Amino acid sequence: MLDSKIPEGPLADKWTKYKDHIQLVNPANKRSIDVIVVGTGLAGSSAAASLAEMGYNVKALCFQDSPRRAHSIAAQGGINAAKNYQNDGDSVHRLFYDTVKGGDYRSREANVHRLAEVSTNIIDQCVAQGVPFAREYGGLLDNRSFGGVLVSRTFYAKGQTGQQLLLGAYSALSRQISKGKVDMLTRHEMMDVVMLDGKCRGIIARNLVTGELERHAAHAVVLATGGYGNVFFLSTNAMGSNVSAAWKAHKKGAHMANPCFTQIHPTCIPVSGEHQSKLTLMSESLRNDGRIWVPAKKEDAEAIRKGTKTALEIAEADRDYYLERRYPAFGNLVPRDVASRAAKERCDAGFGVNKTGEAVFLDFASAFKRYGKTEASIRGLSQPSTEEIVTLGKEVVKAKYGNLFDMYKQIAADDPYETPMKIYPAVHYTMGGLWVDYNLMTSVSGLYATGESNFSDHGANRLGASALMQGLADGYFVLPYTIGDYLANDIRTGAISSDSAEFEAAEKAVQERIDHLINNNGSKPVDDFHRRLGRIMWNECGMSRNEAGLKKAIADIRALREEFWKDVRVPGNATSYNPELDKAGRVADFLEQGELMCMDALAREESCGGHFREEHQTPEGEALRDDENFAFVSAWEFAGDPSESKLIKEDLVFENIELKQRSYK
């Protein structure tokens, strides 16, 4: 049985009551306790900095050459917090409700409410660090809207919010590094976790520059290693992002929760050909001012695909603003899963607007005019021309989204100030991850998971601007409390030795796997297998899934995995810098993770959030949940092979929110 350790009492009091009654570690004892943090993105850097500030001895690892390279920097649009600065009716409860509803009622009430509670603290923390959030004319912090909500609660730093927040966390981390409280190991990758007497007591890491294997012991290990979106090969994730640390933990006893819950982001630059190795996100914040449309007539769509017509030649009356038409209450700001499926539906129906037929328009023409009129009025211009209004409007839009427009122009070779952007959904985030309890501890004692690496807060679909919120909430305000309750029992344990038989056995297993990959002498490069896996996953376990396709995917992945171990070719050696070897190990784990994702999708006979089973949809084509049979967290236990994984269910109890079919109309 899974014990989520959710505190008793009213929802709004659970977190406060919990903090009032947990065990504490006094400052003198903290100096004798070691903690390893794997990953130094927002969740990892904030956790490492906070734990070190509290007095623990922290060892932090990242596979990049600096914590500043973490994929957290790629988050563009903003971070949510229930500050209600806009006086538009926002509150902690409304943020809680929006998040549970946005996740299609597949998340824990207690965890989500705690996230909403601490969200306000995050903004204060980041402002104190000097994060340059956008401000209104009077100096107050500005907000904008994101999908799935009717208020403006998203704080932002132009289109670089993730980068600025990471620099804030990195400054806090750097301070602790300079004080000697954090031992920062860059270019190191976790290869396995080590268990002693039923507890996680360390890791095996590999120095990616020298190839040397290292043993690192600690009283607790924290994984902050991000999501597994790169199982699809093409995604908006950094190319180094991987599942390996979480998967190694899974194989040592940590349950993997809801692995089929993956997020497809609706506003990405479309695929342009087989040469691509990743995709690029266009921030959801653009949907504040951009309007999404396709031609209303198929002949116009066909003409655009052939190049005989342009978007500007399509009359306003001949444009289908399909999100505004289908979802008038939320319009272009519906949740990501809804917007993505709607785009796919239009393109599948023959209304796509690029050569592949898989793109829709994101148009800012009306925003230029709207902002231009306001700016003209502010400047006291009487009867400005349309050209003057549009020019002024473009200046306002440039101040809000300039770096995003520049990025689009560089990649797509098209000027979004003059013609609409072309966008299409792409893999972006994973709501699934390691199962954790209320303390953020996995099913392995002493092993914690934070940020995107756990399943904790977002259910079957994450709302925009909530990833940064969760990462910093976990690192700054949740884990520093909860881990102390566990470590209070270790004050007399003493230093953990890495000379034990368990460490030796783990290191030997890692070395044998590396030797196999290096000495395999196959004929195909790693990328060949990764690309083929991605194609299977996207076609059968992507935006829509069905029973036949998932069964086919499982069989195809098993065959591909068998072929990988027989025929993969890894050049170079294991005793020097070898990115192909690093990649081979990560793809090997993806080949197992991918099978489990398809098994999870097959077992969940309903549609919810980003998990869309074609057999389970409303007459209007919306996701159709089955609350009677599937209102639970799927926690998978490893049993020697992905095909033998055991499903354990954690029932979801809703006492404060009414379960009902989502509607954004």
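Atoms considered below: every heavy atom in the structure, side chains included; atoms not considered: hydrogens, waters and symmetry mates. Since the structure is predicted, the reported quantities are computational estimates derived from the model, not experimental observations.
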Report task. Walk me through it: do Glu605 and Arg613 pass the test salt bridge (charged side-chain N to carboxylate O under 4.0 Å, His left out)? Result -> CA-CA 7 Å; Glu605 287 274 2; Arg613 284 287 298 267; 3.4 Å; yes
Report summary line: Between the CH2 atom in Trp636 and the CG atom in Asn258, the distance rounded to the nearest 0.5 Å is 10.5 Å
Query raised in the report: Does the Ser107 side chain pair with the main chain of Gly103, one donor and one acceptor, at a distance under 3.5 Å?
Result: no
**Report entry** Thr267 side-chain N/O to Met282 backbone N/O, donor-acceptor pair under 3.5 Å
**Finding:** yes
Query raised in the report: Of all heavy-atom pairs between Ala343 and Tyr424, which one has the smallest distance, and what is that distance?
Result: O-CE1, 4.5 Å
Query - Atom pair CZ (Phe477) and CG (Leu115), whose distance is rounded to the nearest 0.5 Å - result: 12.0 Å
Requested in this report: Mind checking the NZ-CG spacing from Lys398 to Leu404? Nearest 0.5 Å is all I need.
Outcome: 13.0 Å
Query raised in the report: Can you name the nearest heavy-atom pair linking Gly41 to Leu166, along with the distance?
Result: C-CD1, 3.7 Å
Query raised in the report: Do Ser466 side-chain atoms and Met469 backbone N/O form a donor-acceptor pair below 3.5 Å?
Result: no
Report task. Could you check if a side-chain atom of Ile423 sits within less than 4.5 angstrom of a side-chain atom of Ile292, using non-hydrogen atoms only? Result -> yes
**Report entry** Any donor-acceptor N or O pair under 3.5 Å, side chains Tyr371, Asp289
**Finding:** yes
Query raised in the report: Hey, does the side chain of Arg341 reach the backbone of Met543 with a donor-acceptor pair shorter than 3.5 angstrom?
Result: no
Query raised in the report: Is the closest side-chain donor-acceptor distance between Ser145 and Ser152 under 3.5 Å?
Result: yes
Query raised in the report: Within the distance-only criterion (no hydrogens, no angle test), does the side chain of Ser119 pair as donor or acceptor with the backbone N or O of Ala82 below 3.5 angstrom?
Result: yes
Query raised in the report: What do you reckon, is NZ of Lys373 surrounded by more than 12 foreign heavy atoms closer than 6.0 Å?
Result: no
Query raised in the report: With distance as the sole test, does Thr236 use its side chain to make a donor-acceptor pair with the main-chain N or O of Leu279 at under 3.5 Å?
Result: no
Query raised in the report: Checking side-chain contact (heavy atoms from CB on, under 4.5 Å) for the pair Leu286/Met421: CA distance, chi angles, key distance, verdict?
Result: CA-CA 10 Å; Leu286 295 173; Met421 290 183 180; 4.1 Å; yes
Report task. Indicate, with yes or no, if the rings of Tyr18 and Tyr481 have centres closer together than 6.0 Å. Result -> no
Requested in this report: Could you tell me whether a side-chain N or O of Ser285 sits under 3.5 Å from a main-chain N or O of Gly77, the two making a donor and an acceptor?
Outcome: no
Query raised in the report: Do Arg462 and Tyr429 meet the cation-pi criteria used here (NZ or CZ under 6.0 Å from the six-membered ring centre, within 45° of the axis)?
Result: yes
Query raised in the report: Given Ser544 and Glu614, is the side chain to side chain donor-acceptor pair (under 3.5 Å) satisfied, shown in steps?
Result: CA-CA 6 Å; Ser544 63; Glu614 294 172 1; 3.1 Å; yes
Query raised in the report: Is the side chain of Ser453 donor-acceptor paired with the backbone N or O of Leu223 at a distance under 3.5 Å, no angle test?
Result: yes
Report task. Tell me yes or no: between the side chains of Asp337 and Gln263, is some donor less than 3.5 Å from an acceptor? Result -> no
Report task. Compute the centroid of each ring, for Phe455 and then for Phe261, and state whether the two points are separated by less than 6.0 Å. Result -> no
Query raised in the report: For the residue pair Gly609 and Asn461, what are the closest heavy atoms and their distance?
Result: CA-CB, 4.0 Å
Query - Minimum heavy-atom distance Pro480-Ile483, with the two atoms named - result: O-CG2, 4.2 Å
Query raised in the report: About how many Å separate OG of Ser72 and CG of Leu42, when rounded to the nearest 0.5 Å?
Result: 4.0 Å
Query raised in the report: Do Asn80 and Thr154 have side-chain atoms, one donor and one acceptor, less than 3.5 Å apart?
Result: yes
Report task. Please check if the side chain of His616 supplies one atom and the backbone of Phe612 the other of a donor-acceptor pair under 3.5 Å. Result -> no
**Report entry** Short side-chain donor-acceptor distance under 3.5 Å, Asp626 and Asn629
**Finding:** yes
Report task. Check the angle between the aromatic planes of Trp293 and Tyr321 and answer parallel, tilted or perpendicular using the 30° and 60° thresholds. Result -> tilted
Query raised in the report: Do Glu395 and Leu392 touch side chain to side chain, with heavy atoms closer than 4.5 Å?
Result: yes
Report task. Run the numbers on Tyr228 and Asn237 for side chain to side chain donor-acceptor pair (under 3.5 Å), then give the verdict. Result -> CA-CA 9 Å; Tyr228 47 86; Asn237 290 181; over 6 Å; no
Requested in this report: Take Ser235 and Asn230 through the test side chain to side chain donor-acceptor pair (under 3.5 Å) and record every step on the way to the result.
Outcome: CA-CA 6 Å; Ser235 81; Asn230 274 350; 2.6 Å; yes
Query raised in the report: Under 3.5 Å, is there a donor-acceptor pair between the Arg604 and His611 side chains?
Result: no
Requested in this report: Taking atom CZ of Arg94 as the centre, report whether more than 12 heavy atoms of other residues, nucleotides or ligands fall under 6.0 Å from it.
Outcome: no
Requested in this report: Take atom CZ of Arg68 as the centre, draw a 6.0 Å sphere, and report whether it contains more than 12 heavy atoms from other residues, nucleotides or ligands.
Outcome: no
**Report entry** Note, Tyr322 side chain near Val360 side chain (heavy atom, < 4.5 Å)
**Finding:** yes
Query raised in the report: Thr482 versus Ile22: any side-chain heavy-atom pair under 4.5 Å?
Result: no
Report task. Any pair with a residue in residues 425-438 that passes salt bridge (Lys or Arg N to Asp or Glu O under 4.0 Å), sequence neighbours left out, goes on the list, sorted by first then second residue, please. Result -> Lys5-Asp437
Requested in this report: For Lys649 and Ser634, indicate whether the former's side chain and the latter's backbone hold a donor-acceptor pair under 3.5 Å.
Outcome: no
Report task. May I ask you to check whether over 12 heavy atoms, not counting those of Glu628, lie within 6.0 Å of atom CD? Result -> no
Query raised in the report: With a 4.5 Å heavy-atom cut-off, do Arg287 and Pro266 have their side chains touching?
Result: yes
Query raised in the report: Can you tell me if CD on Glu8 sees more than 12 non-hydrogen neighbours from other groups inside 6.0 Å?
Result: no
Report task. Hey, could you give me each pair passing salt bridge (Lys or Arg N to Asp or Glu O under 4.0 Å) that has a residue in residues 104-116? Not counting sequence neighbours. Result -> Asp104-Arg625, Asp104-Arg662, Arg106-Glu606, Arg106-Asp627, Arg108-Glu650
Query raised in the report: Is Lys101 close enough and on-axis enough to Tyr664, meaning under 6.0 Å and within 45°, for cation-pi?
Result: yes
Query raised in the report: Which pair of heavy atoms, one from Pro67 and one from Ser45, lies closest together, and at what distance?
Result: CB-OG, 4.2 Å
Query raised in the report: Can the ring centres of Tyr156 and Phe133 be said to be less than 6.0 Å apart?
Result: no
Report task. State, with a plain yes or no, whether a side-chain heavy atom of Ile264 is found less than 4.5 Å away from one of Arg336. Result -> no
Query raised in the report: Say you draw a straight line from NZ of Lys394 to CD of Glu375; how long is it, rounded to the nearest 0.5 Å?
Result: 15.0 Å
Query - Leu596 vs His250 side-chain heavy atoms within contact, under 4.5 Å - result: yes
Report summary line: So salt bridge (Lys or Arg N to Asp or Glu O under 4.0 Å) across residues 138-159, not counting sequence neighbours, yields Asp90-Arg153, Asp98-Arg153
Requested in this report: Could you tell me whether Lys19 atom NZ has more than 12 heavy atoms of other residues or ligands within 6.0 Å of it?
Outcome: yes
Query raised in the report: Going by atom types only, do Asn143 and Glu136 share a side-chain donor-acceptor pair under 3.5 Å?
Result: no
Query raised in the report: How far does NE2 of His265 sit from NE2 of His428, to the nearest 0.5 angstrom?
Result: 4.5 Å
Report task. Check whether any side-chain heavy atom of Tyr448 lies under 4.5 Å from a side-chain heavy atom of Val436, and answer yes or no. Result -> no
Query raised in the report: So which heavy atom on Ala635 is nearest to which on His255, and how close?
Result: CB-CB, 4.0 Å
